[in-house]
Structures are given as structure tokens and as C-alpha cells.
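When reading the values below, keep in mind they use all heavy atoms of this one structure, side chains included, and skip hydrogens, waters and symmetry mates.
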Amino acid sequence: MRALLSVSDKRGIEAFAAGLVELGYEIVSTGNTARTLAAAGIPVRPVSDVTGFPEILGGRVKTLHPAIHAGILARRDDPGHMAALDVHGIAPIDIVAVNLYPFSETIARPDVSFAEAIEQIDIGGPALVRAAAKNHDSVLVVVSPDDYDPVLTALRSEAVTPDLRRRLAARAFAHTAAYDAAIAAYLSDEPFPETLPLAFRKAQDLRYGENPHQRAALYGEFHTFFEQLHGRELSYINILDIAAVQGLIEEFDPQEGAALAIVKHTNPCGVGIGATPLEAWEKAFATDREAPFGGIIAVNQTLDLPLAQAIDEIFSEIVIAPAFADDALALLRKKKNRRLMRALRPVRLARGLAYHSVPGGILAQEPDLAPLDEEPFQVVTQRAPTETERAALRFAWRVVKHVKSNAIVFAAADRTLGIGAGQMSRVDSTRVAVWKAQNAGLSLAGSVIASDALFPFPDSVEIAAAAGATAVIQPGGSVRDDEVIAAANRLGMAMVFTGKRHFLH
């Protein structure tokens, strides 16, 4: 019996090889893997002894040889195949344990050169894996160190079932598919390629999806953006909320001051900015004192003890910050069900397109990362906004981008005052925003209103003015723009067009 071992990830390879030797397998290996095994005292035969040909081209060619691939691909139930092996003096290979060059890890380095990336494209490894997976009825293929112990256990108990072989083969093809997808994505300069190469490794199983009867799992590298410091395992809905609130809070540069956002079911409940995190909290929380119960909180500066004490007064599912003061962390950890997350890097750095699943496929689009500075305010009314109104318009415009359409936000320069989200008509979102402000006991006198898309009729502007709003920001582009502008002029309001909408579904 023969096993071929050639791995980049060498976790557990010595113990696996030793276990195979105990079971009577001859170990054949390449380069660094062979040296690692030999150093551990494990008998190993270099692959060049099997092929009769040295490794050449700096290791680019090692295992690409009939003596290797025929030994893997020969069907044991085909007399012709087995006779061919005998004629050519080729021994069957029964186990292939291979994982590939660390291409994804290499390109993740900020200083990596293109030439370095190219050298991390494995050729022989995928060929070995695919060959073994194709012939899995006869060959066990192992691509993950996590499978070493289960495979040894099955071999020792003579319980290598067809189901185990098939599961390992499926994992092998998934391994090479993910590898090729990463390379294709790296080399492509097309924003929307003809074939979309997507492959994500499962990070964890989730307790359930949006509802308990729905199974769910998390795939990809979410853990590279957030570190969980405390609390129960994240749920499907938790992860969606975290992504939503972090995208919103990153609209506010910490250099501008402390910003804090509260989100519930991916929609903002309130956003505030202040001289301190506590002041930002007080403004955000005042927008809606009911919805934040069980909500998600994100702050753009170190979360200090005064803020922690304020947050501790209500139940929050998740609290996110770039850092936590030691005393604040100690206090917040006292509630076991509260999840505490440290933001490791901006979610805006996530590469690639944004996706949404649909029956039979996915929709793909560029993420909505347009900087505010790229959306010049075009004054379309007789009156231009004052400096105070302009600051409030800029604040509201950053928030409305993260509210589900139809989206309406009433705001001052440093806080939200009323938010209307996800209604079937824009005028209803306006009414909801006014009602929310009134319910919170907040005055809209002198406020501004932001709309994520055009106003189809003047009615929303008229309702906003009656509530106290004095300025409006919207994309424009309605066939009734003239009527909407005329209403604003009649009501003494300032209105600016951005020329860009921010639908969010």
C-alpha cells in the first residue's frame, strides 16, 4: 500500500504519516514535506525515486509524471488498467494527502508582488487532488488536516465506506474549485466577468437562519473584520445587523468626532455625533427610546466607561467598537448574553462585488461606496441652505443611504430626529418619520429632510414643512421635479439635488 503526501499546510502531517506507516503504508513525498517527515524519523521515499526523474524548474515540476498519475487513476476493478501498471512497473497509490500552495494567504499580504503571487499558483497539487478525487472508489483523497484523524480511525477499524470516500472527494473538488476561483478573481480586471468565480470556505455552522426552522452557515472571512470578545455565538440575523451598522458608522470619520449608531433589523434607529462617545449615544438614543431594546450599537472611537454605563442600562444584543477601555469591557462582560465585537478593519475594504441571491442564481453589483464629496449639492430652490442647514443635510445624506427604501430621515447637524424606512410609498415613510419624532418627544422645527430617491409628488415635502423642516436633500430626477421645487419655494424651504440616489433593498 502506498500513500502520497505533499502538503503546504503541514499541521498534523507527521502524526498522520506515522499512523499510515503503522498500518503498513509506504510514504512517498515531495520537497519540503519529505524533509519534514524525515526530520521526524518517519521513513519516506522521495517522489523522484518513484518517477526516476528529479524535481526540476525550481520545484515547478515534481509529480507530473505517469508513474504517479497512473498509480492514482488506475481502476482497480479494470483488469486492463491493472495489467498496464504491471507492464510499466507502476505501483498503485491508495491515499493522496495534498493541500495547495497558499495563494490566498500570499495575495492577502499588502506588499506582495505580482511575480510572487504567480509562483504561488500550484499546478501539480490540483492535478493530484483531482485525479485522486476522480478515482475515489479506490483512492482516499485528503485535503484538510482536519480529516487526518477521522481517516486514520476509519482505516484502523477497516471502516472506510463508500460514503466516506465520496465525502472526501467532494471536499477535494471544492478545495480545487476555491483555489481556482481565488486565482481567477486575482487575475481578472473585468468588473463583471463572463463567468463569476465564487468560492467561500465555511467558517461556521449557525444555530439557524432567520427563523429556527431554517438551517444556516457562515462562509468566507467575516472573522477577519470582527473579533468577538464576549457573548454567545453569533446568529444569522446578528451577522446581517453587524454588517449593516458597521457600514453606517464608517460614514463618519473619527477625526470629525465620536459617532454612534443604533440599528435594529438592519435599519438605523438613531445616529448621533458628539464630543464624546457618551454624547453621541445620548443623541442617537433620543431618536427612538423603544426600538433600541435588543438592538445593535456601533461606535467609531474607543468605547469608554461612561458610554458602557449608559449602554448597560438597556438590553443590547451586540456592541461594536474599534477598541474597548478595560473598565468598560469589564462592565459590559457582566451580561453573558451581550455580544461584544471589536472592529478590526473597515468593512469598506472587503474586495469584490455585492451579491444578492435569487432563484437560480445571484445578482451582482458594485457596493454603494460613493463618497459624499462626489455628490455635489445643486441648489434648485430660490433659497440656498444656510451653513447650519448644509451641515445637517450632509449628516442626513450619510444616514439615509443606510435606511431601507423608501427611506426618509429628519435630522439636525449632529443627530437623527425621525427615520421612516421600508414603506411602500415615500409619503408614508415621511409620515412614519414625523410620527417617530413626535413619539420620541423631539421637535422637527428647523430640521432638514433627506430622501434616498426622488420625490414623485410634492406631498412629502409639504408634510415635512408642516412638521418644521426647512431644507431638503434628494437626488432629483422626477418628472414632477418642477412641482416639487415649486412647493419648496412656496414653503420657503431650501432644496438641493445630489444627482445620485441610494436605494437599499
Legend entry - Donor-acceptor pair between Thr224 and Arg345 side chains, under 3.5 angstrom: yes
Legend entry - pair Ile318-Val245: side-chain heavy atoms closer than 4.5 Å: no
Inset, instruction - Identify whether the distance between the nearest side-chain nitrogen and carboxylate oxygen of Arg167 and Asp147 falls below 4.0 Å. - result: no
Inset, instruction - Applying side-chain contact (heavy atoms from CB on, under 4.5 Å), name anything that partners Leu218, two or more places apart in sequence or on another chain. - result: Ala203, Gln204, Leu206, Phe222, Ile239
Inset, instruction - Side-chain contact test, heavy atoms from C-beta onward, threshold under 4.5 Å: evaluate it for Leu260 versus Ile297 and give yes or no. - result: yes
Inset, instruction - With rounding to the nearest 0.5 Å, note down the distance linking CG in Leu340 to CD in Glu227. - result: 11.0 Å
Legend entry - Under the side-chain contact (heavy atoms from CB on, under 4.5 Å) test, residues paired with Arg166 that sit two or more places apart: His136
Inset, instruction - Side-chain contact test, heavy atoms from C-beta onward, threshold under 4.5 Å: evaluate it for Arg207 versus Ser235 and give yes or no. - result: no
Inset, instruction - Run the salt-bridge test on Arg348 and Glu251 with the 4.0 Å N-O cut-off and return the result as yes or no. - result: yes
Legend entry - Non-hydrogen side-chain atoms of Arg130 and Ile72 separated by less than 4.5 Å: no
Legend entry - Side chain to side chain, Asp9 and Pro145, heavy atoms closer than 4.5 Å: yes
Legend entry - Test item: Arg171 and Ser144 side chains (from C-beta on) under 4.5 Å apart, heavy atoms: no
Legend entry - Glu256 and Arg398 ion-paired at < 4.0 Å: yes
Inset, instruction - Flag the pair Tyr179 / Tyr101 as yes when their ring centroid distance falls below 6.0 Å, and as no otherwise. - result: no
Legend entry - Ile419 and Val271, any side-chain heavy atoms less than 4.5 Å apart: no
Inset, instruction - Please list, chain by chain and in numerical order, all residues satisfying salt bridge (charged side-chain N to carboxylate O under 4.0 Å, His left out) with Asp86, sequence neighbours excluded. - result: none
Legend entry - side-chain contact (heavy atoms from CB on, under 4.5 Å) involving Pro254 - partner list, sequence neighbours excluded: Asn300, Gln301
Inset, instruction - May I ask you to check whether Tyr148 and Phe16 place their ring centers less than 6.0 Å from one another? - result: yes
Legend entry - Close side-chain approach of Ile93 and Val28, heavy atoms under 4.5 Å: no
Inset, instruction - List in chain and number order the residues that pass ring pair (Phe, Tyr, Trp, His ring centres under 6.0 Å) with Phe293, two or more places apart in sequence or in another chain; answer none if no residue qualifies. - result: Phe315
Inset, instruction - Please say which of Lys264, Arg338, Arg339 ends up in a side-chain hydrogen bond (donor to acceptor under 3.5 Å, both in side chains) with Glu317. - result: Arg339
Inset, instruction - Apply the salt bridge (charged side-chain N to carboxylate O under 4.0 Å, His left out) test between Asp94 and each candidate in Arg2, Arg76, Arg165; give the one that qualifies. - result: Arg76
Legend entry - No-hydrogen, no-angle side-chain donor-acceptor test under 3.5 Å, His502 and Asp368: yes
Inset, instruction - List for me each residue that meets salt bridge (charged side-chain N to carboxylate O under 4.0 Å, His left out) alongside Asp241, sequence neighbours excluded, and say none if there are none. - result: none
